[in-house]
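Since the structure comes first, as structure tokens, the remarks are kept for the end.
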Amino acid sequence: MGTTSARPGPDGGLGRRDLIKRSAAIGLISVPAMGLLTSCASGSGGGTEKVEKGKVSKENPLGVNESAQLEVVIFDGGFGQQYAIDAEKKYNEKFPKAPKVKHSATQKIQSTLQPKFNGGTPPDLIDNSGAEQMDMGVLVGKKQLLDLTPLMDAPSVDDPNKKVRDTLRPGVLEMGQFDGDPVWIMYYAYTVYGVWYSKTALEKLDAEYPETWDQMLALCEKAKKQGIAGWTYPGKFPYYLPFSLYPFIAKIGGREVLDAIDNLEPNAWKHPAVKAAFEAYYELQQKGYVLKGTPGMTHIQSQTAWTKGKALFIPNGSWVENEAAATTPKDFEMAVAAPTGLDSSDKLPFGTIWASGGEPFIVPAKAKNPEGGMEQLRLMLSEASSKNFTQQVKSLTAFNGGTDGLSLSSALQAGVDALEKAGENVVNPRLQDWYVKLQKEQIGVAGLGEMMAGRATPAETIKKIQGYADAAAKDPNIKHYKHQ
């Protein structure tokens, strides 16, 4: 998957520019991951010796070996790979004595890189995203990643008087931390997660985006009478459902419910807010408001059904605009909104949304050219590279700027508006970072996937998921993390 970036256009005014700065802690995209790197992270091997470090200077603050090869692997998903190739050209321009950057792209990150990790010969920089994303919690726990603090403390490309850490959107650096100060991951994209829809489709139904669940059900019934489903989702990858379900839970019961779930606290999944949210989603399935065939669909198939007008709503991240571009009609008017609330008893206001850094880049601890990997990230966090990313894939980056002069698409504008409406009510669940197997395979596929296919009730699903969470909490082989 990918990320989406937004930039206020000439008519956006100072309000939106201030908004983008203010909403930095929110994020635009990261692709969910299904596969885990358990064996990968625990592997050992001889490996290749690191290249000799270069001389540190004003022009080369990280001490890159100017004649060493740099190897980069990019996830070829919603954001594609051209933005990375463009940034790599800047690397070779800066270090002309080095061979051309060795670039490769794949959708199978884990299966492609696991043998390299096990053999001690990983690439120097990895975009660890997609359905086969490597488990970040495992990688950190097994000390497989390089601490990126030297990158964070290096001077930025555009202003040497500013450290890289001072150019990032709020919350991005913290997402890369697991315990204490070390920074293990650089989330390059900034993703807004929520409920995506077509403004045109709602206008044809003479409807507005629903703010309460009764309104949602009424709109789905209205659409059903016209042969349109209310919802679809990637049934083969049901861990997309939390993109709207988790902030829905937080809206009902408060963000502390999500924190307890992240912390693997006993009975966290038995909170009344979880029960209410699960029952609401289950009602969509029971009343026939989910597009027929959805449980068997991939993310591309469900997105295509959605852009073709077969369903009104889909839970997704802001990379969807770029990923679904080929099938999106010109008059679609793609938009995103925070999850519909339950009722007036909800603890948080309508507009509560999930947003955070996405597209996680890592430098392996055993990389041959780790300084080169960090330098490539430093170049990507320049205004020029950030703007190039935004223009190409319609997504914000972690760089707090780089949008001057760029106009916003309908989807990007909707994302910016959603962040503005959310204000302080932005949540950032960490399960997908801390416990990939739990989040994707167990909560997603075995739990929510079965419930939304009608094969398990909410009560059965909650019991099953709580069991998975309890097992993870007690597993001595799993590194555990908690909100500080």
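When reading the values below, keep in mind they use all heavy atoms of this one structure, side chains included, and skip hydrogens, waters and symmetry mates.
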For Asn65 and Ser67: C-alpha separation, side-chain torsions, deciding distance, then whether side-chain hydrogen bond (donor to acceptor under 3.5 Å, both in side chains) applies.
CA-CA 6 Å; Asn65 184 317; Ser67 61; 3.1 Å; yes
Could you give me the CA-CA distance, side-chain angles and deciding distance for Gln82 and Gln392, then say whether side chain to side chain contact (heavy atoms under 4.5 Å, CB included) is met?
CA-CA 8 Å; Gln82 188 59 47; Gln392 285 191 21; 3.4 Å; yes
Intermediate values then yes/no, side chain to side chain contact (heavy atoms under 4.5 Å, CB included), Glu132 and Thr112:
CA-CA 9 Å; Glu132 280 202 26; Thr112 299; over 6 Å; no
Begin with the C-alpha distance, continue with both residues' side-chain angles, and end with the deciding distance and a verdict on side chain to side chain contact (heavy atoms under 4.5 Å, CB included) for Ser302 and Ile314.
CA-CA 8 Å; Ser302 60; Ile314 187 169; 3.8 Å; yes
After noting the C-alpha distance and the side-chain angles of Phe243 and Tyr240, does the key distance pass the ring pair (Phe, Tyr, Trp, His ring centres under 6.0 Å) rule?
CA-CA 6 Å; Phe243 295 157; Tyr240 276 63; 5.4 Å; yes
Passes side chain to side chain contact (heavy atoms under 4.5 Å, CB included), Ile443 versus Tyr239? Steps please.
CA-CA 7 Å; Ile443 295 170; Tyr239 46 77; over 6 Å; no
Go through it in stages, so that I can follow the logic: the residues are Asp158 and Ser156, the test is side-chain hydrogen bond (donor to acceptor under 3.5 Å, both in side chains), and I'd like the CA-CA distance, side-chain angles, deciding distance and then a yes or no.
CA-CA 6 Å; Asp158 300 299; Ser156 66; 5.9 Å; no
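Using a distance-only test at 3.5 Å, with no hydrogens or angles considered, no donor-acceptor pair links the side chain of Asn92 to the main chain of Pro96. Remark: the backbone N or O of Gln301 is paired with a side-chain donor or acceptor of Thr298 at under 3.5 angstrom. Here the side chain of Thr352 pairs a donor or acceptor atom with the backbone of Pro349 at under 3.5 angstrom. Side-chain atoms of Asn263 come within 3.5 Å of backbone atoms of Asp259 as a donor-acceptor pair (strictly under, hydrogens ignored). Within the 3.5 Å criterion, the main-chain N or O of Lys100 finds a donor-acceptor partner in the side chain of Gln69. No donor-acceptor pair closer than 3.5 Å links the side chain of Asp76 to the backbone N or O of Thr106. Within the 3.5 Å criterion, the main-chain N or O of Leu408 finds no donor-acceptor partner in the side chain of Gln413. Proximity of a side-chain donor or acceptor of Gln107 to a complementary backbone N or O of Phe75 within less than 3.5 Å is not detected. The backbone N or O of Thr307 lies less than 3.5 Å from no partner atom in the side chain of Thr328, so there is not a single donor-acceptor pair.
Ring geometry for Tyr83 versus Phe389: interplanar angle over 60°, hence perpendicular rather than tilted (30 to 60°). Relative orientation of the Phe332 and Trp306 rings is perpendicular, given thresholds of 30° and 60° on the angle between their planes. By the 30° and 60° cut-offs, the orientation of the rings of Tyr435 relative to Tyr481 is tilted.
Glu375 is linked by a salt bridge (Lys or Arg N to Asp or Glu O under 4.0 Å) to Lys94, Arg378, counting only residues two or more places apart in sequence or in another chain.
Open room surrounds NZ on Lys90; 12 or fewer heavy atoms of other groups in view lie less than 6.0 Å from it. Within 6.0 Å of the NZ atom in Lys482, the count of heavy atoms belonging to other residues, nucleotides or ligands exceeds 12.
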Enumerate donor-acceptor pairs with a distance under 3.5 Å from any side-chain N or O in residues 245-252 to protein atoms, sequence neighbours excluded.
from: Tyr246; atom 1: OH; to: Gln439; atom 2: OE1; distance (Å): 2.7
from: Lys251; atom 1: NZ; to: Asp346; atom 2: OD2; distance (Å): 2.8
from: Lys251; atom 1: NZ; to: Leu348; atom 2: O; distance (Å): 3.2

Which atom pairs, donor and acceptor, lie under 3.5 Å between side-chain atoms of residues 467-476 and protein residues at least two apart or in another chain?
from: Asp470; atom 1: OD1; to: Gln466; atom 2: NE2; distance (Å): 2.9
from: Asp475; atom 1: OD1; to: Asn477; atom 2: N; distance (Å): 2.8

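Side-chain contact check for Asp262 and His483: at least one donor-acceptor pair (N or O, by modelled atom type) lies under 3.5 Å. For the residue pair Gln303 / Asn316, a side-chain donor-acceptor distance below 3.5 Å is found, with atom types taken as modelled. A donor-acceptor contact under 3.5 angstrom links the side chains of Gln81 and His103, judged on distance only. A side-chain donor-acceptor contact under 3.5 Å links Asp147 and Thr149.
Remark: of the listed residues Leu70, Asp124, Thr121, Asp124 is the sole one forming a side-chain contact (heavy atoms from CB on, under 4.5 Å) with Lys368.
When side chains are defined from C-beta on, Val183 counts as touching Leu173, because their heavy atoms get closer than 4.5 Å.
Using a cut-off of 4.0 Å between Lys/Arg side-chain N and Asp/Glu carboxylate O, Asp433 and Arg430 are scored as salt-bridged. A salt bridge does not link Lys437 to Asp135: none of the charged nitrogens lies less than 4.0 Å from a carboxylate oxygen.
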